[in-house]
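Working notes, structure below.
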Amino acid sequence: MIKYSYLLVITFFTFTLATAQNDIKDNEINKKIDSIISLLTLEEKVAMCHAQSKFSTKGVERLGIPEIWMSDGPHGVRAEISWDSWDYAGWTNDSITAFPALTCLAASFNPNLSAQFGKSIGEEALYREKDVLLGPGVNIYRTPLNGRNFEYLGEDPHLASKMVVPYIKNVQKNNVAACVKHFALNNQEHWRSTINVEVSDRALHEIYLPAFKAAVQDAKVWAVMGAYNKFRGQYTTHHELLTNKILKGDWEYDGVVISDWSSAHDTMEAALNGLDMEMGTGTDGLGTTTSNHYDYYYLASPFLKAIKNGNIEESVVDDKVRRILRLMFRTTLKPNRGFGSVNTKAHHDVARKVAQEGIVLLKNENNFFPIEDKEGVTIAVIGENATRSMTAGGGSSELKPQFEISPLEGLKQRYKKAKIIHAMGYHTGPSVYDNIIPSKLNQDSLRVEAIETAKKADIVLYVGGLNKSHLQDCEGDDRQSYELPYNQKEFISELKTVNPNLGMLLVTGNAVETPWLDKVNGLIQTWYLGSMAGHAIADVVSGDINPSGKLPFSFPKQLKDNGAHFYGELSYPGDGVNQYYKEDILVGYRWFDTKKIEPQYAFGYGLSYSNFDLSDIESNTNKFNTDDSIKISCKVSNIGNVDGAEVVQVYVGKKKSKVKRALKELKGFEKVTLKSGTSKTIDIDIPVSSLAFYNEGKSDWEIEKGEYIIYVGNASNNITKKIKVKIQ
């Protein structure tokens with residue numbers, strides 16, 4: 001598993017590298033690529049298009065063309081995997097910084113923080129000598145049951161687009177390719193490898209593709225990963241419409257398309273519909289049988305045979321190799337590429353900062369939070385999630401951090417005067433995909449111990465929610481219930497009965513049902529926060545940090561209130577063969593707003609320890625042409641006693657439209673940090689072009705003229721002012 005030494009290249013390639021400059025123009029690179037392709041044999045070209053191990057593809061040693069090495073995932077560089085199996089290689093030098101899950105990053109509503117996240121994780125990938133980082137994920141949050149939602153950036157395409165671009169740009173500044181995934185419509189894990197998604201062109205272009213488009217056109221991402229599912233009867237990893245026409249055609253994407261592991265299904269479709277690098281087909285390499293040897297992949301020997309017998313033109317493989325070589329020039333062949341760094345204080349600081357800004361304060365009755373550190377006060381921290389590792393499990397995003405500060409440990413380190421006591425309450429065994437190992441502990445005894453512990457305390461902090469086991473927040477399948485598992489509803493009631501001074505830290509990557517909400521005085525959504533989890537949680541609980549996170553998705557009161565579930569089984573999860581996105585463009589808050597359904601917690605919602613006022617909200621004019629930009633100004637004032645941050649959110653709607661529309665859609669936002677008693681006036685620009693809808697009759701975008709309403713507030717359901725404007 002050692003890369004080819006660049007010192008062994010032949011004279012031609014040495015000259016290529018020696019004369020290369022950091023600012024080589026694309027046309028110069030293309031000339032070099034063309035000259036390299038002319039030196040390759042057909043067999044060598046085909047070999048570059050498929051895996052040679054679990055996470056690498058072949059180079060060409062005689063020409064000094066290196067292998068390409070990839071690694072999961074979007075929240076940290078995964079531990080080293082064995083060559084031919086999914087077993088870990090057992091390295092002792094592959095520990096990394098675990099960054100918060102992308103739901104937390106989205107909740108920060110801070111693109112600048114996303115840039116720091118990307119820079120840091122890119123440095124760690126470079127240190128680990130990875131050429132492609134398999135992330136970030138931008139599939140839209142359609143249902144709270146999706147086991148993989150924690151890896152994504154929420155329910156809104158504008159938010160996801162604005163957050164993913166700086167992440168990708170800053171990963172790639174390290175000469176490591178980001179690989180945005182999963183393209184496209186992979187919005188559930190249940191039946192992910194077989195389900196055929198049927199969705200309108202409008203919903204496809206307005207909801208499910210914008211973040212991918214931003215990744216390609218704005219961030220210039222170098223790699224895109226295909227998805228498992230079908231769309232209109234064809235697998236998305238090699239899809240005529242998605243990959244050929246939209247991605248490589250309309251968007252003029254010049255990078256590589258990589259299959260998800262085992263998401264390729266046919267040689268002709270893979271070859272002709274845009275797949276460039278096939279990974280994971282058969283999944284066990286040479287681990288148990290030669291029948292899954294890498295040479296048997298669809299883009300391996302069958303591809304070679306099809307070219308040789310004339311069924312596929314050699315120009316097809318040339319295009320793939322051209323893209324692969326371009327990827328190399330951007331990464332492993334980049335002069336002065338650098339060495340990266342891992343587990344630095346700077347990376348830990350970024351992980352902590354993302355966690356701090358992403359944590360969302362959902363309820364704070366009678367100012368339960370923050371909790372002061374006082375002599376003589378006993379705080380009972382109850383719950384398995386107070387100590388359970390949340391970097392382990394979850395599927396391909398699981399990590400091997402150098403350390404992981406648990407919520408209990410973080411609170412103990414922060415609270416020096418108050419006494420911290422702990423009890424688990426329940427215990428669940430570990431899980432690897434669908435293999436759940438039952439707990440050997442006596443659950444009744446754990447419950448009794450927790451209740452007795454709560455009785456002894458002045459304050460109870462229940463750390464509950466989900467974990468990253470199978471059928472929870474985990475790749476491979478979806479949650480089977482919207483409610484909290486392990487009888488937590490009843491457990492919370494029991495805790496409330498013995499100690500009414502009860503608050504809760506909710507550890508999930510998903511929305512959950514909250515029938516127990518009236519039992520807790522305070523509720524904080526903490527997400528999966530990685531290495532610095534406990535420190536960040538303690539920062540917010542203690543008041544050292546004022547929470548400023550906003551929900552990147554809605555919490556429905558009950559599952560049927562969600563648009564995907566409202567229409568029954570055919571809408572989610574489908575019938576095992578087909579699935580119809582019947583809510584169409586009304587995803588998330590668009591559904592709640594338009595259907596006048598009250599969510600438990602709205603998109604964009606989040607409380608603070610301070611209070612903010614939005615005033616002097618106005619538009620620069622009330623009439624705009626289609627090529628103009630609407631400028632919304634807003635004075636933000638911190639009228640509370642605590643320094644903090646508020647997120648100004650700008651939505652736009654059109655009531656009298658010739659097409660069905662959501663009541664309003666997020667089109668701009670800005671996070672504003674203010675000292676107590678201070679104010680700042682901000683401007684948020686909304687390009688009129690961003691108000692276009694996708695006209696299915698013309699298969700193109702169209703800006704409808706007429707009257708629009710601008711909504712300005714701090715949550716999708718908390719609007720301070722509406723402004724009417726006209727597009728002419």
Side-chain angles (χ1 to χ4, degrees), residues 103 106-107 109 138-146 149 152-163 184-185 187-188 197 199-211 213-214 510-511 550-567 571-572 580-605 647 649-669 686 690-696 701-702 704 708-719 722:
T103 41
F109 274 71
V138 294
N139 294 97
I140 292 296
Y141 187 112
R142 178 176 180 253
T143 163
L145 298 189
N146 182 7
N149 275 335
Y152 301 139
L153 289 165
E155 72 185 23
D156 182 73
H158 179 78
L159 175 64
S161 297
K162 292 301 180 183
M163 295 300 291
L185 299 165
N187 304 304
Q188 68 187 59
V197 173
V199 63
S200 73
D201 283 343
R202 272 198 72 194
L204 176 69
H205 285 274
E206 293 184 18
I207 303 296
Y208 297 104
L209 292 186
K213 186 176 183 180
N510 252 314
K550 303 286 185 176
L551 288 178
F553 51 77
S554 312
F555 274 53
K557 288 185 176 179
Q558 51 191 345
L559 200 55
K560 68 179 182 181
D561 290 345
N562 170 274
H565 293 267
F566 177 83
Y567 292 102
S571 180
Y572 175 86
Y580 301 85
Y581 284 20
K582 293 188 176 184
E583 76 281 14
D584 200 47
I585 60 170
L586 300 182
V587 177
Y589 68 87
R590 289 166 168 80
W591 171 265
F592 291 100
D593 282 354
T594 308
K595 299 295 183 180
K596 295 181 170 57
I597 298 171
E598 184 182 0
Q600 185 66 65
Y601 290 115
F603 172 86
Y605 172 84
V647 179
Q649 301 164 40
V650 180
Y651 300 81
V652 182
K654 191 178 195 312
K655 287 188 176 179
K656 295 181 180 179
S657 176
K658 66 182 182 181
V659 295
K660 177 180 68 176
R661 289 182 184 259
L663 177 68
K664 62 182 184 293
E665 300 176 323
L666 184 71
K667 295 299 179 183
F669 62 88
I686 312 294
S690 72
L691 308 184
F693 73 94
Y694 190 81
N695 188 323
E696 294 181 327
W701 294 90
E702 179 181 324
E704 190 177 5
Y708 288 76
I709 300 176
I710 311 293
Y711 302 80
V712 183
N714 68 351
S716 60
N717 69 342
N718 191 34
I719 301 303
K722 302 176 185 178

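Reckoned from all heavy atoms, side chains included, excluding hydrogens, waters and symmetry mates. This structure is a prediction, so every number in the text was calculated from the model and none was measured.
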Residue pairs fulfilling salt bridge (Lys or Arg N to Asp or Glu O under 4.0 Å) with at least one residue in residues 585-595, sequence neighbours excluded: D156-R590, R590-E665, D593-K664
Neighbour count >12 (heavy atoms, 6.0 Å) for atom NZ, K654: yes
Parallel, tilted or perpendicular: rings of Y694 and H205 (30°, 60°): parallel
Sub-4.5 Å side-chain heavy-atom contact between R142 and S571: yes
Residues N717 and Y589: side-chain donor-acceptor under 3.5 angstrom: no
Partner set under salt bridge (Lys or Arg N to Asp or Glu O under 4.0 Å) for K582, not counting sequence neighbours: none
Any N149 side-chain heavy atom under 4.5 Å of F553 side chain: no
pair F566-E583: side-chain heavy atoms closer than 4.5 Å: no
Min side-chain heavy-atom separation Y605-N718 under 4.5 Å: no
Pairing residues for N695 by the side chain to side chain donor-acceptor pair (under 3.5 Å) criterion, not counting sequence neighbours: E702
Positive for ring-ring contact (aromatic ring centres under 6.0 Å, His included) with F669, one of F109, Y711, F603: F109
Residue pair N510 / Y141, side-chain heavy-atom distance below 4.5 Å: yes
Donor + acceptor pair across side chains of Y581, N187 (<3.5 Å): yes
Flag side-chain contact, heavy atom, 4.5 Å: Y567 against Y580: no
Residues Q188 and T143: side-chain donor-acceptor under 3.5 angstrom: no
